[in-house]
2 protein chains.
Amino acid sequence: MTVTQRHSKPAPDFPRPYTTVDVVIFTIAQGQLSVLLVQRPEHEDDPFPGLWALPGGFVNVDLDADLQACAARKLKEKTGVDSPYLEQLGSWGGAARDPRGWSATHVYFALIPAHDLPLTKGANAADVAWFEVDELLARPALAFDHSTILQAAVERLRSKVEYTSLPAFLLTEPFTLPQLQQVYETVLGRSVDKSGFRTRMLAANFLVEAGHVEGTSNRPAMGYRLADRSGPVVFPRTFSPRG
Amino acid sequence: MTVTQRHSKPAPDFPRPYTTVDVVIFTIAQGQLSVLLVQRPEHEDDPFPGLWALPGGFVNVDLDADLQACAARKLKEKTGVDSPYLEQLGSWGGAARDPRGWSATHVYFALIPAHDLPLTKGANAADVAWFEVDELLARPALAFDHSTILQAAVERLRSKVEYTSLPAFLLTEPFTLPQLQQVYETVLGRSVDKSGFRTRMLAANFLVEAGHVEGTSNRPAMGYRLADRSGPVVFPRTFSPRG
DNA sequence: TAAATAGTGTCTCTTAGACAGTATGAG
DNA sequence: CTCATACTGTCTAAGAGACACTATTTA
């Protein structure tokens, strides 16, 4: 895809900000909500050398048809995952966030199934690793304004988990209701009543049975798949326990 | 504010997309949910000549400290309103949305109190007018991808109105509960039970009494102001009537 | 007193939450 | 058998929705 200058005069010759796309990639690793980061090059002339940052980079106007495609490309490059849950989080732009000048980044957030990539340098690229979200939030030290962005992403995720089926996208299919409940509890950071949880999930009608799954031990549980992988289901209420 | 090239090498010399900011400005005009549009110049070489579009334009890297400031500036220019409710809606970018080339727009949405600007050309600038949202959605004919963006903005607004105090930002203070209820009903397009509505609003604890307001006729009603104008309050449940 | 709008009381029914119970597998 | 985990039943209390009622003004 190339930029075509059709029968229109060019846009006024304003100085243009840098345009980038960043992706906040969540997974459950080692039983913790985790996010994928890449390490900035150590070269002194690069901004934030050696610091960790969200995966992302400049929009390529020849490769990327639109912003979502650009985000999907970057996600594929870092994780190999092809069709995860991917939604737009927002955009951050200003004069101060990048020492090279005025820049704006379009941020997406992705959920991918539990990844066994250990919490060390990754396999696909050097200097890629999973980090536990809670540790990053406690000691924010990411490049650019990425700590702020990460915080917004976690807030959005935790808030949506209260009333949607989003956590299902963090599991490989088929999964069991106890597994799903565990993911909810991990993300929310609190326990949830089993009976109410099951009623709620089944009433929302977004799961289809997929035969019994041989658990690691004891009684096998029913396995489920998502009826529709295009997006989460919204529950009429929140999970909040009684006041 | 100018772009400073500090002790960092410049960013790689990728072609940069155009960067714009657009604002979806809602108000209640003539008892209808309405949005402010500006007419594109008639000049043949301009994209979408003569069509109506959302107010917005290129980011000015010298004037605008960040995206939000840019949106606030554009809103002030068109309406004179200074500190409305302003939240980010999202961003749209791609090769196809502007004939002049790859572009990305950061979209904000604003709520301003009922405006008496008639549904004709405005006072501040030529070619500015309020349009009823429902008519625009029924016959989408805006420039660029602005019909798509408007639809997303209306969906976001209607969805948030179900469980937040957002409509209060569409009223001038002090306002009465019946007035507020009327705004909810206008935006939602359905009626709401008076008793439940009052209980809910008062329980949410975001209103402070401001003395009785002389109504246009009959019994005067209590006037209220917002306890906190920085953002809406979130209700624990939705407005949905019983199934 | 009538009309109009502001504001309250009350009943019912749904349902979330809590928790105790039963079912079904492994060893 | 026991133990562990999957799954179900039941009680209770909060609160939303529906609607009828009272209150306070103008004309």
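Just so we're clear, the structure is a prediction, and the values are computed from it rather than from any experiment. Each chain gets a letter, A, B and so on, in the order the sequences are listed, and its residues count up from 1.
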Is it true that a side-chain atom of A:T164 and a backbone atom of A:P232 form a donor plus acceptor pair closer than 3.5 Å?
no
Within the distance-only criterion (no hydrogens, no angle test), does the side chain of B:Q179 pair as donor or acceptor with the backbone N or O of B:L171 below 3.5 angstrom?
no
Using atom [atom1] of [X] as one end and atom [atom2] of [N] as the other, report the distance to the nearest whole Å.
| X | N | atom1 | atom2 | value |
| --- | --- | --- | --- | --- |
| B:H212 | C:dT5 | NE2 | C1' | 14 Å |
| B:K194 | C:dT5 | NZ | P | 10 Å |
| A:M201 | C:dA16 | CE | C1' | 13 Å |
| B:D193 | D:dC21 | CG | C1' | 13 Å |
| A:R200 | C:dG17 | CZ | C1' | 11 Å |
| A:L202 | D:dA6 | CG | C1' | 13 Å |
| B:F197 | C:dG7 | CZ | P | 12 Å |
| A:L207 | D:dA6 | CG | C1' | 16 Å |

Under 4.0 angstrom between B:R219 side-chain N/O and D:dA23 OP1 or OP2:
no
In terms of the nearest nucleotide of DNA chain C, which residue is placed more toward the 5' end: B:T176 or A:S195?
B:T176
B:Q182 and B:Y184: side chain donor to acceptor below 3.5 Å:
no
Please determine, by modelled atom types, if A:S91 and B:Q88 share a side-chain donor-acceptor pair under 3.5 angstrom.
yes
Heavy-atom count check: over 12 atoms from other residues, nucleotides or ligands less than 6.0 Å from B:Q181 CD?
yes
Between A:Y224 and A:P174, is there a side-chain heavy-atom distance shorter than 4.5 Å?
no
Overall bend - the helix from C:dT1-D:dA27 to C:dG27-D:dC1, comparing terminal axes fitted on five pairs, nearest 10 degrees
10°
